[in-house]
Number of protein chains: 2
Amino acid sequence: MNAYQKFKMTPQRIAIMNCLGQRNLHPTADEVFQAVRKMLPRISLGTVYRNLEFLTGNGLIKKNEQGGGQRRYEGNLEKHYHIKCTSCGRLEDAPIEPFESLENSLEGLCDYKIFECQVEFEGLCPDCQAKHSSRTNSQAEA
Amino acid sequence: MNAYQKFKMTPQRIAIMNCLGQRNLHPTADEVFQAVRKMLPRISLGTVYRNLEFLTGNGLIKKNEQGGGQRRYEGNLEKHYHIKCTSCGRLEDAPIEPFESLENSLEGLCDYKIFECQVEFEGLCPDCQAKHSSRTNSQAEA
DNA sequence: CCTCTTAATGGTAACAATTATCATTTATAA
DNA sequence: TTATAAATGATAATTGTTACCATTAAGAGG
Ligand SMILES: [Mn+2]
Ligand SMILES: [Mn+2]
Ligand SMILES: [Zn+2]
Ligand SMILES: [Zn+2]
């Protein structure tokens with residue numbers, strides 16, 4: 001019995017899972033809503049929020065709460081780090097393995113019971129670097 | 001000339017800075033508002049937001065956008081990691097030094113221009129551990 | 001001291017993301 | 001079937017944040 005079948009998977013939940021199935025995709029609730037309503041035109045945004053929460057709570061997807069803006073969700077359950085573009089908000093998986101030593105580094109150093117360690121690199125994506133340098137150039141020209 | 005004096009520091013801005021002066025304190029905008037209005041009863045929440053943004057933009061304080069909930073601010077400008085209690089939301093500084101190797105680990109591995117690396121440990125604070133175990137106990141008793 | 005100019009403020013309305021509510025629909029099981 | 005419970009869609013409410021704008025405060029000459 002696969003983990004999937006332990007839960008009541010309604011058509012709405014399946015559609016949401018499918019939308020998150022691909023790797024390195026981190027849509028917001030509204031982006032999931034827009035994608036899913038192509039298959040289920042009558043689905044409501046509330047149902048999307050409710051089920052993103054349900055699926056997260058049951059460990060079928062992951063919620064990404066970092067970043068001031070909207071919450072993001074993903075289907076990639078493997079431990080990994082993220083890179084965020086501070087200019088356009090783009091979020092993607094970082095192409096490195098998690099640091100074993102980092103995860104355990106607080107052992108015995110504080111009274112918290114640590115479960116997880118979120119790592120998010122911040123920088124400029126290639127597109128935004130291009131935009132930024134072209135803007136600098138045109139300013140120099142003017 | 002101290003960095004402070006390069007900017008017009010209104011009484012409101014000074015009060016906000018004072019509120020953030022202590023280490024290991026990460027109040028939300030509203031918590032800053034509540035604290036500051038004890039000194040300046042006529043200050044408005046909009047002014048607090050506006051100036052938290054101003055002070056962040058000028059590097060006098062730091063904004064903490066991680067965590068789904070409210071934004072948090074702090075006066076501690078040194079690079080450091082955080083621990084967040086997933087139960088009560090408490091946020092504090094992690095008692096370890098940043099990992100040099102982590103910060104540079106993406107060098108040459110992606111096309112982003114990386115500036116920063118945010119690290120946030122997640123777990124249960126001592127208080128919430130106590131609450132949680134006492135609840136478990138009373139369930140066992142019942 | 002007066003103006004003039006500009007920046008900052010307080011108060012409030014608008015906004016966007018998320019959550020709550022509730023009547024209706026759907027699934028499950030006696 | 002009928003009964004029961006869970007999930008949904010539609011929409012209202014809430015929350016954190018931003019935008020707006022008339023008023024106030026601060027400087028810079030004169
Ligand atoms: Mn990811
Ligand atoms: Mn801190
Ligand atoms: Zn970008
Ligand atoms: Zn706690």
Side-chain angles (χ1 to χ4, degrees), chain A residues 1 4-19 26-58 60-74 84 86 88-89 91, chain B residues 4-20 26-58 60-74 84 86 88-89 91:
Chain A
M1 183 180 190
Y4 229 84
Q5 298 165 313
K6 291 199 296 189
F7 310 104
K8 180 187 274 187
M9 292 303 287
T10 63
Q12 291 85 349
R13 285 174 189 169
I14 291 166
I16 290 170
M17 287 297 288
N18 288 344
C19 162
H26 306 85
T28 63
D30 197 69
E31 286 166 350
V32 172
F33 176 55
Q34 298 307 335
V36 162
R37 76 193 312 191
K38 285 174 190 159
M39 306 309 301
L40 300 172
R42 300 198 50 79
I43 196 172
S44 89
L45 180 58
T47 297
V48 171
Y49 270 106
R50 197 187 311 117
N51 283 323
L52 286 170
E53 207 51 40
F54 171 88
L55 295 168
T56 302
N58 289 109
L60 297 178
I61 63 171
K62 269 168 59 177
K63 177 161 52 171
N64 219 206
E65 302 205 282
Q66 18 225 36
Q70 290 115 293
R71 230 167 254 172
R72 292 181 173 276
Y73 299 85
E74 67 176 315
K84 185 176 65 182
T86 52
C88 67
L91 183 73
Chain B
Y4 230 86
Q5 298 165 314
K6 290 200 296 190
F7 310 103
K8 181 187 275 188
M9 292 304 285
T10 64
Q12 291 85 347
R13 284 173 188 169
I14 290 167
I16 290 170
M17 287 296 288
N18 288 344
C19 163
L20 293 174
H26 306 85
T28 62
D30 197 68
E31 286 166 350
V32 172
F33 177 54
Q34 298 306 335
V36 162
R37 74 192 313 191
K38 286 175 189 156
M39 306 310 301
L40 301 172
R42 300 198 51 79
I43 196 172
S44 89
L45 180 57
T47 299
V48 171
Y49 270 105
R50 198 187 311 118
N51 283 324
L52 285 170
E53 208 50 41
F54 172 87
L55 294 168
T56 302
N58 288 109
L60 296 179
I61 64 173
K62 268 168 61 178
K63 178 161 52 171
N64 230 161
E65 301 204 284
Q66 22 224 33
Q70 293 116 292
R71 228 167 255 172
R72 294 182 172 276
Y73 298 86
E74 66 177 316
K84 185 176 66 182
T86 51
C88 68
L91 184 74

I need the CZ-C1' distance between B:R71 and D:dT15, as an integer number of Å. 13 Å
Without decimals, in angstroms, what is the distance between A:Q12 CD and D:dA10 C1'? 14 Å
Point-to-point distance, once rounded to the nearest 0.5 Å, from CG of B:N64 to NZ of B:K84: 9.5 Å
Sorted by number, residues from residues 36-43 of chain A placing a heavy atom under 4.0 Å from DNA chain D are A:R42, A:I43
Length of the line joining B:Q34:CD and D:dG16:P, which is rounded to integer Å: 12 Å
Whole-Å distance separating the CD atom of B:E31 from the C1' atom of D:dT15: 15 Å
Pairwise distance CZ(B:F7) to CG(B:L55) - rounded to 0.5 angstrom: 9.0 Å
Determine, step by step, whether A:E65 and A:R72 satisfy the salt bridge (Lys or Arg N to Asp or Glu O under 4.0 Å) criterion, reporting the C-alpha distance in whole Å, the side-chain angles of both residues, the deciding distance to 0.1 Å, and the verdict. CA-CA 7 Å; A:E65 302 205 282; A:R72 292 181 173 276; over 6 Å; no
Spatial distance of atom CD1 (B:I16) from atom CZ (B:R50) [nearest 0.5 Å]: 9.5 Å
A:M9 CE to D:dA6 P, in whole Å, measures 18 Å
Inter-residue atom distance B:L91.CG - B:H26.NE2, 0.5 Å rounding: 5.0 Å
Walk me through it: do A:K63 and A:E53 pass the test salt bridge (Lys or Arg N to Asp or Glu O under 4.0 Å)? CA-CA 8 Å; A:K63 177 161 52 171; A:E53 207 51 40; 2.9 Å; yes
Give me the first and last nucleotide of DNA chain C, going 5' to 3', that has any atom under 4.0 Å from a heavy atom of chain B. C:dA8 to C:dG11
With side chain to side chain contact (heavy atoms under 4.5 Å, CB included) as the test, would you mind laying out the steps for A:M17 and A:I61 before giving the verdict? CA-CA 8 Å; A:M17 287 297 288; A:I61 63 171; 3.6 Å; yes
Can you list, in residue-number order, the parts of residues 44-56 of chain A that come under 4.0 Å of DNA chain D, counting heavy atoms only? A:S44, A:T47, A:R50, A:N51
Sorted by chain and residue number, the side chain to side chain contact (heavy atoms under 4.5 Å, CB included) partners of B:S44 (sequence neighbours excluded) come out as B:T47
When you measure from the side chain of A:R13 to the backbone of A:K8, do you find a donor-acceptor pair of N or O atoms at a distance under 3.5 Å? yes
A:F7 CZ to D:dA7 C1', straight-line distance once rounded to whole Å: 16 Å
Which atom pairs, donor and acceptor, lie under 3.5 Å between side-chain atoms of residues 28-40 of chain B and protein residues at least two apart or in another chain?
residue : atom : partner : partner atom : Å
B:T28   : OG1  : B:E31   : N            : 3.1
B:E31   : OE1  : B:T28   : N            : 2.9

What distance do B:Y73 atom OH and B:N51 atom CG have between them, rounded to the nearest 0.5 Å? 11.0 Å
